[in-house]
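All heavy atoms count here, side chains included; hydrogens, waters and symmetry mates do not. Every value quoted in this text rests on a predicted model; they were computed, and no experiment measured them.
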Amino acid sequence: MGRKFYKKPHNWRWQRFYELKNSQTSLEQELEQYHLDKSGGHVHDMYWNNLRDPLAALNGYIPGFHCCVDCYYSDIGMGSQEDICEYNYQRVYEKVISQERTVQKLNIGDMLPWDSRLQELQKALVQGNQIEKRLHSYFKDLNNLPDTMDKTVEYLRKAIGDLSNIEIIRKAVGPEHGEFIAKWCSLLSPFWLRGPESWTPESGKHILDHLFTAYDVPSFLNEQWFPNPNGGFGRDYIPFKWICWYLIIGQGGSLKNASEYFGWNLSNKFQHFLKDAPNTDYPMESCLYAEIRRLGGNQQDFMRIVYSRSLVIDPTERTSDEPYRRFWKNTVVWLIRNRESISDEESNLIIDWALHRYTEATRNGNEAEFTWKGRTVNNVLAASEEYLASRYLPSWVGYQWEGHYWDWTFTDAKDNIWDFVELTNGKQLYEEGRIMRHCVGTYAGRCASGTSAIFSLKKNGNRVITIEISPKFRILVQCLGKGNRRPSEEESKVTKQWLSSVCNKDL
């Protein structure tokens, strides 16, 4: 396939998603239309969007789980630590407002249940006043919530002051989300810069900005207070990471300094570029935009990465897989450096090829780590086109082999149906490779010889992950999604359950 074929995007979808030359079309509109039209699943912010315990990052994190270490209830299949944390927070809030004479029961002229003065500590809270350290300390204290419930309730009552302040927040937000936001504002009341009683609609400020911020905050962080940000999925909790960012930036703090406490992976200039990040449904995309800009990229580079999906990660999260982090950064830098020499479609093809080379080198172990050093555009395009052609040569379609009877269907707590289905002939491998945009079809020989077993993981009937197992040792060899993307935390968790419940059951 010649170079000329890729000179310009020939598909209207590519043109629609990538061309940002029309000054009347904002990046936010481009992304909104992209997610509306793009087929296939999205790698959501599974970790932080499902996380209800703010201490997971403080206590350590087990890959495949969305909660804290020592997650007993999750291990025995009786629920999750998230549910326990959510229950505790709800109890705190109910105790805060459950006086015998609540606002709803007060008569005009009655005295309020407790002193309306804010505690001395709160009076000292000004923008930039060690907000990073105080947030970390506050969340650490919440770790002992079951044992210190009464103490925490009293602390929050003093921070909230007059009980009518909760009612002010409810009314200011409105009936749809008033109770939801009042609850979380109350639990974060030690970080109020101003009391609700001083807020007026005429000020032009949202009640949240009035309470918590002295400086402008990126719009995508404002949205995270609501149960269905940007019209997305509903939830009954706030994503603590992004609310932490809202408080830190809004009170003049530094995300870089906060990363020392919370374990985030942030550079000095990241926060500078974050202020111009698009307001997307997925905060990780806003972080991705800021990191690409920090590395020297522009909107076109960002849209190319987003369209590929294979390199869409939250660059602010630490990972133990340092080689992949290095590969990711070097790939993005190479694409930015050669932006003008490749088309949008070529960029997507190159990303697929590079991920294939990286995963194969990682899988085999005896190959040198993939590097971009010395790779020219022409050489990379030639190799990418050769890889594309190899994915569609079904010389192994007629191969067949015996399965291992490890198929499994699992329904999670959200009624998602997960199916693990073993692929037992070359035709099935060919279809899996074609749909998932990777080279699993070339594994037919390995499967026929018993060296490998390939499984397709489907979520609600849609292919999401391809899994390779070593039948001899019953261990996971690789687990990758479309275009060799990394699995989400949710997918990793389900895969881990399958491995322990089915593959390793008889060991």
Can [X] and [Y] be counted as an ion pair, charged N to O under 4.0 angstrom?
X      : Y      : result
Lys459 : Glu490 : yes
Arg309 : Glu285 : yes
Lys275 : Asp216 : no

By side-chain hydrogen bond (donor to acceptor under 3.5 Å, both in side chains) - contacts of [X] (at least two apart):
X      : result
His206 : none
Ser500 : none
Thr451 : Ser449
His438 : Thr466

So, taking the atom named [atom1] in [X] and the one named [atom2] in [Y], what distance separates them when rounded to the nearest 0.5 Å?
X      : Y      : atom1 : atom2 : value
Asn462 : Ile417 : CG    : CD1   : 11.5 Å
Ser310 : Ile351 : OG    : CD1   : 7.0 Å
Ser254 : Asn268 : OG    : CG    : 7.5 Å
Ser343 : Leu381 : OG    : CG    : 8.0 Å
Ser347 : Leu335 : OG    : CG    : 5.0 Å
Cys439 : Asn484 : SG    : CG    : 6.5 Å

For [X], which residues count as a salt bridge (Lys or Arg N to Asp or Glu O under 4.0 Å) partner, sequence neighbours excluded?
X      : result
Asp301 : Arg339
Glu432 : Arg463
Glu386 : none
Arg325 : none

Would Lys458 and Trp418 satisfy side-chain contact (heavy atoms from CB on, under 4.5 Å), going step by step from the backbone distance to the final call? CA-CA 6 Å; Lys458 298 180 181 180; Trp418 301 84; over 6 Å; no
[Y] backbone acceptor or donor facing [X] side chain under 3.5 Å:
X      : Y      : result
Gln400 : Gly426 : no
Asn330 : Arg326 : yes
Thr359 : His356 : yes
Ser384 : Val380 : yes
Asp209 : Thr213 : no
Gln224 : Phe220 : yes
Ser137 : Arg134 : no
Gln271 : Leu255 : yes
Arg318 : Trp264 : yes

Contact summary for Ile467 and Leu457, nearest pair of heavy atoms: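 In this case the closest contact between Ile467 and Leu457 is CD1-CB, 4.2 Å.
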Would you name the heavy atoms of Ala258 and Ile248 that are closest together and state the gap between them?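 Looking at all heavy atoms of both residues, the shortest contact is CB-CD1, 3.5 Å.
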Assess, by modelled atom type and distance only, whether the side chains of [X] and [Y] contain a donor and an acceptor separated by less than 3.5 Å.
X      : Y      : result
Asp419 : Thr409 : yes
Lys493 : Ser488 : no
Glu179 : Tyr93  : yes
Tyr289 : Arg293 : yes
Asp314 : Tyr282 : no
Gln90  : Lys183 : yes
Trp401 : Asn425 : no

Less than 6.0 angstrom separating the ring centers of Tyr138 and Phe191, yes or no?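 Yes - the distance between ring centres of Tyr138 and Phe191 falls below the 6.0 Å cut-off.
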Taking the six-membered ring for Trp and the full ring for Phe, Tyr or His, determine whether the centres of Trp225 and Tyr246 are under 6.0 Å apart.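 Under 6.0 Å, so yes.
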Salt bridge (Lys or Arg N to Asp or Glu O under 4.0 Å) between Arg304 and Glu345, intermediate numbers included: CA-CA 9 Å; Arg304 284 176 171 179; Glu345 282 191 319; over 6 Å; no
Can you check whether Phe420 reaches Val502 side chain to side chain, under 4.5 Å on heavy atoms?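 Contact flag for Phe420/Val502 side chains = no.
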So does Glu402 have more than 12 non-hydrogen atoms from other groups sitting under 6.0 Å from CD?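 It does not: Glu402 CD has 12 such atoms or fewer within range.
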Anything under 30° is parallel, anything over 60° is perpendicular, the rest tilted; go ahead and classify [X] against [Y].
X      : Y      : answer
Phe370 : Trp353 : perpendicular
Tyr89  : Trp184 : perpendicular
Trp408 : Phe410 : parallel

Show your reasoning for whether side-chain contact (heavy atoms from CB on, under 4.5 Å) applies to Gln300 and Asp344. CA-CA 9 Å; Gln300 185 181 31; Asp344 298 320; 3.5 Å; yes
Decide side-chain contact (heavy atoms from CB on, under 4.5 Å) for Ser267 and Arg294; before the verdict, give the C-alpha distance in whole Å, the side-chain angles of both, and the deciding distance to 0.1 Å. CA-CA 9 Å; Ser267 64; Arg294 186 188 74 83; 2.7 Å; yes
For Lys329 and Glu291, run salt bridge (Lys or Arg N to Asp or Glu O under 4.0 Å): C-alpha distance rounded to whole Å, both residues' side-chain angles, the deciding distance at 0.1 Å, then the answer. CA-CA 10 Å; Lys329 179 181 177 181; Glu291 182 66 7; over 6 Å; no
When you look at Phe212 and Cys185, which way does the side-chain contact (heavy atoms from CB on, under 4.5 Å) test go after all the steps? CA-CA 9 Å; Phe212 293 108; Cys185 283; 3.8 Å; yes
Using the ring pair (Phe, Tyr, Trp, His ring centres under 6.0 Å) criterion, which residues pair with Trp334? Sequence neighbours excluded.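 Per chain and number, Trp334 pairs via ring pair (Phe, Tyr, Trp, His ring centres under 6.0 Å) with Trp372.
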Sequence neighbours excluded, which residues qualify as ring pair (Phe, Tyr, Trp, His ring centres under 6.0 Å) partners of Tyr358?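 Ring pair (Phe, Tyr, Trp, His ring centres under 6.0 Å) list for Tyr358, sorted by chain: Tyr324, Phe327.
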Residues in side chain to side chain contact (heavy atoms under 4.5 Å, CB included) with Ala290, at least two apart?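 Checked Ala290 against side chain to side chain contact (heavy atoms under 4.5 Å, CB included); matches are Phe270, Phe273, Leu274.
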I'd like to check the side chain to side chain contact (heavy atoms under 4.5 Å, CB included) partners of Ile475; sequence neighbours left out, ordered by chain and number.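 Here the qualifying residues are Ser470, Phe473.
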